[in-house]
Amino acid sequence: MTAQNLGAWLNDPDAVRDQYQSEAGLNARSSLYDKITGRAPADVAFEAVAEVQPWRFLEAGCGAGEFAARVQRELGAQVIAVDQSERMVELAVTAGVDARVGDVQALPFADGEFDCAAANWMLYHVPELDRALAELARVLRRPGGRLVAVTNGRDHLIEIWRLVGAGALRADRELTFSAGNGAVALGRHFRRVEVRDAGGTVVIHERAAIDRYIRSIETWAHLAEKLPAQLERPLVATRATSVFVATA
């Protein structure tokens, strides 16, 4: 299988829907990051949101709602969140967020309705990226509305994939919205784009954590069989994450 095929599921609507019909895969991936060096990307993104002191805030692809709930709790903003997954919306509502099932490619909001929006680790899941970015730009006030978007680079956690013999395949996969090409895509719809580094490392002590992580990604799950029986030492893996701050 080619790197292109292995990465294709990321913006295949059916595959993404299957991936997020429960929180199991998301939890497995999140649990890998218990011990990190460098700043947490969510903190960098939150600070970018806080800088504009939003009155109305939108999160697209809200997942379980932790980020939206934090904006609501700490900044006092009026928050609305959308996600294509009914289960993610259910979890976000439980977290106290006004969350709705929705498509970032066709947002059900008026022009200029929000001061700030966030799209964290989700734009690479969108089939029509430019359509989604145009929609996010449309619902932000002009001038000065802000989009905060978090994504990873090609070498994110590359040491894990080298461990199972797939480092080159992983690095060669095509991402529609990554740390490397995100600024270009955003520049087609926003007048100014800033990139803030949120990288570092993650230190992984347990083989089981790596096994859960790999198995949580259906297209790559078979590679878990290639993991060594045990880790001889803690694995230090690269966190190649960028936070884009785009101004309408």
Side-chain angles (χ1 to χ4, degrees), residues 39-85 88-89 91-126 128-152 176-179 181-198 241-248:
R39 300 199 61 206
D43 290 341
V44 177
F46 180 81
E47 288 181 5
V49 172
E51 286 169 0
V52 297
Q53 299 180 324
W55 175 60
R56 292 266 292 173
F57 172 79
L58 170 70
E59 183 172 15
C62 63
E66 297 98 332
F67 191 83
R70 182 180 179 186
V71 170
Q72 184 171 271
R73 181 178 63 252
E74 297 185 27
L75 301 182
Q78 294 183 10
V79 173
I80 297 177
V82 297
D83 198 290
Q84 69 165 1
S85 163
M88 294 299 112
V89 168
L91 292 170
V93 169
T94 300
V97 175
D98 178 359
R100 312 160 186 190
V101 175
D103 184 352
V104 69
Q105 299 169 117
L107 292 169
F109 306 111
D111 294 358
E113 190 169 336
F114 298 94
D115 305 297
C116 186
N120 298 332
W121 292 287
M122 61 79 64
L123 286 170
Y124 44 65
H125 286 317
V126 178
E128 297 182 44
L129 177 61
D130 278 300
R131 182 178 169 191
L133 293 176
E135 277 291 272
L136 288 164
R138 178 185 65 78
V139 301
L140 288 170
R141 64 174 170 82
R142 293 173 181 266
R146 173 173 286 192
L147 172 66
V148 178
V150 184
T151 192
N152 297 325
T176 56
F177 187 85
S178 71
N181 61 21
V184 173
L186 288 165
R188 294 194 290 267
H189 302 274
F190 292 84
R191 64 183 175 88
R192 186 171 70 247
V193 180
E194 176 191 352
V195 186
R196 301 184 185 182
D197 180 61
T241 305
S242 293
V243 176
F244 291 98
V245 181
T247 304

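When the shell of 6.0 Å around CD of Q53 is examined, it contains 12 or fewer heavy atoms from other residues, nucleotides or ligands. Heavy atoms of other residues, nucleotides or ligands lying less than 6.0 angstrom from CZ of R192 number 12 at most.
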Problem - Step-by-step side chain to side chain contact (heavy atoms under 4.5 Å, CB included) determination, H125 to Q84 - result: CA-CA 11 Å; H125 286 317; Q84 69 165 1; 6.0 Å; no
Handout entry: Evaluation steps, side chain to side chain contact (heavy atoms under 4.5 Å, CB included), between V79 and E59
Key = CA-CA 8 Å; V79 173; E59 183 172 15; 5.8 Å; no
Exercise for the section: Test T241 against V150 for side chain to side chain contact (heavy atoms under 4.5 Å, CB included), laying out the working first. Expected result: CA-CA 7 Å; T241 305; V150 184; 3.6 Å; yes
Exercise for the section: Would you sort out whether L123 and L136 count as a side chain to side chain contact (heavy atoms under 4.5 Å, CB included), showing the intermediate values? Expected result: CA-CA 11 Å; L123 286 170; L136 288 164; 4.3 Å; yes
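Residue L186 holds its CG atom at 8.0 Å from CG of L129, rounded to the nearest 0.5 Å. Atom-to-atom distance recorded for C62:SG and I80:CD1 is 11.5 Å, nearest 0.5 angstrom. Distance check: D83 CG to M122 CE gives 7.5 Å after rounding to the nearest 0.5 Å. Rounding to the nearest 0.5 angstrom, the gap separating the CD atom in Q72 from the CD atom in Q78 is 9.5 Å. In this structure, the separation between CG on D197 and OG on S242 is 6.0 Å, given to the nearest 0.5 Å. How far CG of D111 is from CD of E135: 8.5 Å, rounded to the nearest 0.5 Å.
Side-chain atoms of E74 do not come within 3.5 Å of backbone N or O of F46 as any donor-acceptor pair. Judged by distance alone, the side chain of Q105 and the main-chain N or O of E128 form a donor-acceptor pair under 3.5 Å. With hydrogens and angles ignored, the 3.5 Å screen pairs a side-chain donor or acceptor of R191 with a backbone N or O of A248. The backbone N or O of V245 sits nowhere less than 3.5 Å from a side-chain atom of E194 that would complete a donor-acceptor pair. Judged by distance alone, the side chain of R146 and the main-chain N or O of P54 form no donor-acceptor pair under 3.5 Å.
Nearest approach of H189 to A137, heavy atoms of both residues: O-CB, 3.9 Å. Across every non-hydrogen atom of V89 and A99, the tightest pair is CG1-O, 3.6 Å. Residues A198 and V243 approach most closely at CB-CG2, 4.0 Å, considering heavy atoms. The heavy-atom pair separating A81 from V97 by the smallest distance is CB-CG1, 3.8 Å. Closest heavy-atom contact between A77 and F57: CB-CB, 4.3 Å. Across F190 and L133, no two heavy atoms sit closer than the pair CE1-O, 4.1 Å.
Using the six-membered ring where Trp is involved, F109 and F114 have ring planes that are perpendicular, over 60° apart on the 30 and 60° scheme.
Under 4.0 Å is where a charged nitrogen must lie from a carboxylate oxygen, and between R56 and D115 no such pair does. No salt bridge links E47 with R196; every basic N to acidic carboxylate O contact stays at or beyond 4.0 Å.
Between T176 and V126, the closest side-chain pair of non-hydrogen atoms is not below 4.5 Å. Using a 4.5 Å heavy-atom threshold, the side chains of V193 and R188 count as separate.
Between F177 and F244, a ring centre-to-centre spacing shorter than 6.0 Å is recorded.
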